[in-house]
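Here is how names work: the chains are called A, B, and so on, in the same order as the sequence lines, proteins then strands, and each is numbered from 1.
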Protein chains: 2
Amino acid sequence: MTSSLGAELAQRGVAPDCVRTIELVRDVLARVGDKWTLLTLTVLAPGPLRFTALHDQVAGISQRMLSQTLRGLTRDGLVTRTAYPHVPPRVEYALTPLGRSLCEAVDGLVGWVRDHQSDIARNRDEFDQAPAASTATRPYP
Amino acid sequence: MTSSLGAELAQRGVAPDCVRTIELVRDVLARVGDKWTLLTLTVLAPGPLRFTALHDQVAGISQRMLSQTLRGLTRDGLVTRTAYPHVPPRVEYALTPLGRSLCEAVDGLVGWVRDHQSDIARNRDEFDQAPAASTATRPYP
DNA sequence: CAGTATCCGACCTGATACTG
DNA sequence: CAGTATCAGGTCGGATACTG
């Protein structure tokens with residue numbers, strides 16, 4: 001933001017096609033930030049897994065949501081879906097190089113969250129306990 | 001993921017409190033990934049802005065969503081809200097150091113998206129045009 | 001100016017049941 | 001085993017109208 005995005009709309013005036021970029025970023029963030037994607041990606045990181053294994057490990061996800069999440073990831077080329085023509089069907093999901101690189105990019109954010117989660121938690125507590133202070137404070141007399 | 005998160009659940013067995021971390025990450029990602037937060041943060045990056053200015057610059061946001069987004073950000077300590085006791089009310093929003101550091105962390109992701117958005121777009125197109133291939137492909141005979 | 005209140009439709013999610 | 005179909009509940013987001 002400060003560097004890449006911030007630079008793009010350095011002067012605050014307009015945001016020409018910078019908005020497009022943000023839209024795309026938001027799109028990806030929304031995907032990564034949805035309820036199950038990050039968990040699924042993480043579980044998939046060590047290696048390929050089949051549907052049921054995923055369903056077990058993601059813990060709490062419904063079949064519906066899992067297959068939906070996986071389809072989205074597959075569509076974006078972040079994971080591969082390989083179906084083996086067996087009698088009990090066998091389908092394996094694995095990260096693609098692209099998916100792996102996304103995981104690495106997400107790592108920075110993960111680190112940030114780990115470093116600052118306590119700050120955020122504290123801020124929330126303070127905010128929730130003192131909702132009256134907002135209108136009272138006046139920076140200059 | 002590959003480094004920090006990946007290391008944490010190196011062996012795939014269980015994910016003890018690693019899941020907690022992921023939950024927190026997801027929480028932050030969900031905030032950043034929601035419809036307006038990233039845009040708001042970006043617009044706020046160059047410097048403080050008042051409510052109406054934000055409403056103008058975010059382009060498309062409703063008052064409701066803007067105040068909701070800002071309240072969330074304020075609650076997390078990512079932006080400050082300063083109300084000046086004037087007759088026409090004047091309220092300014094600005095990034096906190098924490099908010100600024102989040103922006104920097106997001107930068108990595110922004111860069112990734114810029115580098116790979118064309119890949120994703122292409123993958124989606126391919127996927128959408130060949131929905132029949134999924135069951136047909138068999139890796140080994 | 002800087003919001004809040006209210007209503008409403010769209011979408012996201014989970015639970016359950018069913019199939020190739 | 002690996003999903004899809006269907007339904008119900010909740011949340012998200014926008015439009016509009018109203019205040020201190």
Side-chain angles (χ1 to χ4, degrees), chain A residues 23 26-27 29-40 43-44 48-75 79-94 131-139, chain B residues 23 26-27 29-40 43-44 48-75 79-94 131-139:
Chain A
E23 284 294 296
R26 214 193 64 70
D27 184 69
L29 281 173
R31 164 165 304 298
V32 176
D34 83 350
K35 193 164 184 185
W36 301 110
T37 300
L38 189 61
L39 236 42
T40 306
V43 169
L44 228 35
L49 285 177
R50 339 183 15 180
F51 189 86
T52 303
L54 277 165
H55 189 252
D56 291 346
Q57 291 196 24
V58 174
I61 197 172
S62 62
Q63 282 185 323
R64 173 183 156 81
M65 280 305 111
L66 180 57
S67 87
Q68 208 166 289
T69 302
L70 288 170
R71 200 177 319 119
L73 290 171
T74 305
R75 187 171 105 101
V79 315
T80 54
R81 190 198 113 110
T82 339
Y84 301 91
H86 287 172
V87 178
R90 176 191 181 82
V91 179
E92 274 195 354
Y93 293 91
S134 52
T135 7
T137 46
R138 28 185 267 278
Chain B
E23 284 293 295
R26 214 194 63 68
D27 184 70
L29 281 174
R31 163 165 306 299
V32 176
D34 83 350
K35 192 164 184 187
W36 299 110
T37 299
L38 189 61
L39 237 41
T40 306
V43 168
L44 228 35
L49 284 176
R50 330 177 31 173
F51 189 86
T52 305
L54 277 165
H55 188 252
D56 291 346
Q57 291 195 22
V58 174
I61 196 172
S62 63
Q63 283 186 322
R64 173 185 156 80
M65 279 305 112
L66 180 56
S67 87
Q68 207 166 289
T69 302
L70 288 170
R71 201 178 318 119
L73 291 172
T74 305
R75 188 171 106 100
V79 314
T80 54
R81 189 198 113 108
T82 338
Y84 301 91
H86 286 173
V87 178
R90 177 190 180 84
V91 179
E92 274 196 354
Y93 292 91
S134 52
T135 7
T137 46
R138 27 184 268 276

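Going from atom CH2 of A/W36 over to atom C1' of C/dC12 covers 13 Å, rounded to whole Å. Computed from coordinates, the B/L70 CG to C/dC1 P distance equals 17 Å when rounded to whole Å. Counting to the nearest Å, the C1' atom of D/dG14 and the CG atom of B/L66 are 14 Å from each other. What separates CD of B/Q68 from C1' of C/dA2 is a distance of 15 Å, to the nearest Å. Taking atom CE on B/M65 and atom C1' on C/dC11, their separation rounds to 14 Å, with Å as the unit. The distance from atom NE2 of B/H86 to atom C1' of C/dG3 is 18 Å, rounded to the nearest whole Å. Summarising the geometry, the separation between CD1 on B/I61 and C1' on D/dT16 is reported as 17 Å, rounded to the nearest angstrom. Residue A/D34 contributes atom CG, which lies 10 Å from atom P of C/dG14 at whole-angstrom precision.
Counting only heavy atoms from C-beta on, B/T52 has its side chain closest to C/dA2 among C/dA2, D/dT4, C/dT4. Out of C/dA2, D/dT4, D/dC1, the shortest distance to the side chain of A/P89 is found at D/dC1.
A close approach under 4.0 Å does not occur between any side-chain nitrogen or oxygen of A/S67 and OP1 or OP2 of D/dA2. Regarding contacts with the backbone of D/dG3, a side-chain N or O of A/Y93 is found under 4.0 angstrom from either OP1 or OP2. Between A/S62 and C/dT13, a side-chain N or O to OP1/OP2 separation shorter than 4.0 Å is absent.
The base of D/dG13 sits within donor-acceptor range of the side chain of B/R64, with an N or O pair under 3.5 Å.
Residues A/L44 and A/A94 come closest through the heavy atom pair CG-CA, 4.5 Å.
Residues B/L70 and B/L54 have side chains in contact (heavy-atom distance under 4.5 Å, counting atoms from C-beta outward). Inter-residue side-chain proximity for B/V58 and B/T69 is flagged as unmet; no heavy-atom pair is nearer than 4.5 Å. Looking at heavy atoms from C-beta onward, A/Q68 lies out of side-chain contact with A/W36 at the 4.5 angstrom threshold. Side-chain atoms of A/R31 and A/L73, non-hydrogen and from C-beta on, do get closer than 4.5 Å to each other.
Nearest-nucleotide positions on DNA chain D place A/R71 closer to the 5' end than the other of B/Q63 and A/R71.
Nucleotide C/dG20 has D/dC1 as its partner under the Watson-Crick or G-U criteria, with both atom distances under 3.5 Å.
In this structure, B/R50 reaches the sugar-phosphate backbone alone: every heavy-atom distance under 4.0 Å involves primed, P, OP1 or OP2 atoms, never a base.
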